[in-house]
Protein chains: 2
Amino acid sequence: MSRQTRSRSAETGARIRAAALRLIARDGYAAVSMRQIAGEVGLQVGALYNHMADKQSLLVALMREHLEALLAALEAEALPEDPEAALEGFVRFHIRYHAARPDEVFIAYMELRNLAPENFAGIERLRRSYEDRLQAVLERGAERGVFAVRDARVATMAVIAMLTGVTTWFRPEGRLSLEAVEAIYVDMVRKAVGAGRPG
Amino acid sequence: MSRQTRSRSAETGARIRAAALRLIARDGYAAVSMRQIAGEVGLQVGALYNHMADKQSLLVALMREHLEALLAALEAEALPEDPEAALEGFVRFHIRYHAARPDEVFIAYMELRNLAPENFAGIERLRRSYEDRLQAVLERGAERGVFAVRDARVATMAVIAMLTGVTTWFRPEGRLSLEAVEAIYVDMVRKAVGAGRPG
DNA sequence: GTCTATACCACGATAGAC
DNA sequence: GTCTATCGTGGTATAGAC
């Protein structure tokens with residue numbers, strides 16, 4: 001009854017977000033209409049507004065869900081304490097997680113400008129919190145003298161940009177397996193931050 | 001006369017593209033209306049169509065102009081033949097050129113999905129041609145044994161993603177000067193591709 | 001919670017006077 | 001080459017019946 005109603009409603013909301021995710025990743029937030037999303041789910045436009053306040057909050061929900069899941073997954077990874085091992089773990093995790101979710105990644109990076117300022121701030125905080133995990137690894141390695149990093153913040157941004165870039169060209173059916181790509185990036189990132197060098 | 005008319009017309013076209021560049025970089029192609037662009041230039045909507053066939057060809061013109069200028073500027077740079085020197089030259093050039101043109105860069109990377117397929121192909125060819133300049137440097141270095149690169153194509157994509165990422169956070173009034181940022185990236189990129197190591 | 005119907009507005013693009 | 005005016009379409013969001 002009430003439980004069934006609630007669960008059915010929650011399910012519809014999830015189906016709406018799933019459809020919106022796919023459409024927005026393909027065409028962009030501004031180019032996707034509420035009518036399109038409704039059609040994809042088999043609803044009329046008006047029914048969407050039983051599940052969200054407006055179009056903007058739909059976008060916010062997609063980004064927030066993605067970033068919170070990303071953070072939770074990184075937590076679950078439980079990176080080792082050793083900086084070199086933690087760095088390799090982070091690189092492999094980031095590539096694997098992002099390559100598996102190209103739609104979410106695309107939206108979270110490209111649709112930031114469509115967020116109202118108050119929403120932008122919250123999303124940026126989540127992203128920053130993710131970046132800070134990598135930065136902490138680099139700083140720990142630098143302190144211990146196992147990494148040679150001139151500026152941990154810049155190195156963090158450089159590594160994340162490099163890794164996220166994989167989603168723009170990687171195709172599962174392509175020349176290289178994901179495992180092979182991970183290995184190449186682990187190698188490049190390790191070298192970039194001066195890991196494994198004679199002290 | 002006819003010359004004046006032509007030059008005035010060309011100038012209006014340039015002002016339209018400049019306004020469109022700024023607006024599209026800020027709000028996205030789909031979110032910017034022809035009316036907005038016209039208003040910015042001080043024209044009525046209809047007048048825009050004296051200078052372009054439609055909205056799509058405006059976007060194509062912006063991207064094409066950017067990528068052609070980028071390629072020409074790289075040519076003008078005349079990278080040295082020595083791989084290590086050429087790599088440093090490319091890194092500094094790419095960061096400097098892109099940091100100075102955030103609007104163009106943003107559009108060229110983010111609005112690809114708004115291109116009709118036939119336009120997409122041409123734009124992608126230009127981008128690929130730019131990437132190939134870096135790839136050639138990496139391959140030459142690898143052949144001579146001065147770089148340690150497992151896969152030149154992947155390394156190319158990794159380096160470009162890393163460098164272009166600078167535009168997402170760099171601010172001239174920020175903590176680091178552009179010169180300082182360049183130096184940090186030269187260092188990281190050199191290490192990432194194994195330059196300057198004992199043979 | 002979904003439906004039909006609609007309010008209200010903005011869109012890209014074009015026509016024709018000047 | 002720019003203007004005014006308009007066509008035809010589709011946008012977000014809401015109202016009220018069921």
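- Atom P of nucleotide D/dT2 and atom CD1 of B/Ile16 are separated by 7 Å, given to the nearest angstrom.
- Ion pair B/Glu88/B/Arg190 not flagged as a salt bridge, since none of the NZ, NE, NH1 or NH2 atoms sits closer than 4.0 Å to an Asp/Glu carboxylate oxygen.
- Residue side chain A/Arg35 reaches the base of D/dG11 through a donor-acceptor N/O pair under 3.5 Å, judged by distance alone.
- Stacking of A/Arg26 on the aromatic ring of A/Phe106 is not recorded, the 6.0 Å distance cut-off and the 45° axial limit not both being met.
- In this structure, B/Arg101 does not pair ionically with B/Glu65, as no charged nitrogen and carboxylate oxygen lie closer than 4.0 Å.
- Between the C1' atom of D/dA13 and the OH atom of A/Tyr49 lies a distance of 5 Å, rounded to the nearest Å.
- Residue contacts for B/Val41: at a heavy-atom cut-off of 4.0 Å it reaches no nucleic acid atom on any strand shown.
- Cation-pi check for B/Arg127 over B/Tyr109 is met; the charged atom lies under 6.0 angstrom from the ring centroid and within 45 degrees of its normal.
- Which of D/dA13, C/dG1, C/dT4 sits closest to the side chain of A/Asn50 comes down to C/dG1.
- Taking atom CG of A/Asp54 as the reference point, atom P of D/dG11 lies 17 Å away to the nearest angstrom.
- Between B/Leu115 and B/Gln56, some side-chain heavy-atom pair lies under the 4.5 Å cut-off.
- For A/Ser33, a side-chain nitrogen or oxygen approaches OP1 or OP2 of D/dG11 to under 4.0 Å.
- Looking at the side chain of A/Val45, the nearest of the listed nucleotides D/dA13, C/dG1, C/dC3 is D/dA13.
- Rounded to whole Å, the distance from CZ on B/Arg15 to C1' on D/dG1 is 13 Å.
- Comparing A/Gln36 and A/Gly46 along DNA chain D, the residue whose closest nucleotide (by nearest heavy atom) sits nearer the 5' end is A/Gln36.
- When rounded to the nearest whole Å, the span between CG of B/Leu43 and C1' of D/dG1 equals 9 Å.
- In this structure, B/Leu59 atom CG and C/dG12 atom P are separated by 13 Å, rounded to whole Å.
- Taking atom CD of residue A/Gln44 and atom P of nucleotide D/dA13, one finds them 17 Å apart after rounding to whole Å.
- Using a 4.0 Å heavy-atom cutoff across all strands shown, A/Leu48 reaches no nucleic acid atom at all.
- Distance CE (A/Met52) to C1' (D/dT12): 12 Å, rounded to an integer number of Å.
- Each of D/dA13, C/dA13, D/dC3 was ranked by its minimum atom distance to the side chain of B/Ala47; first place goes to D/dC3.
- Of the candidates D/dT12, C/dG12, C/dC3, the closest approach to any side-chain atom of A/Met34 belongs to D/dT12.
- When the nucleotides D/dG1, C/dA13, C/dT2 are ranked by their closest atom to the side chain of B/His51, D/dG1 comes out on top.
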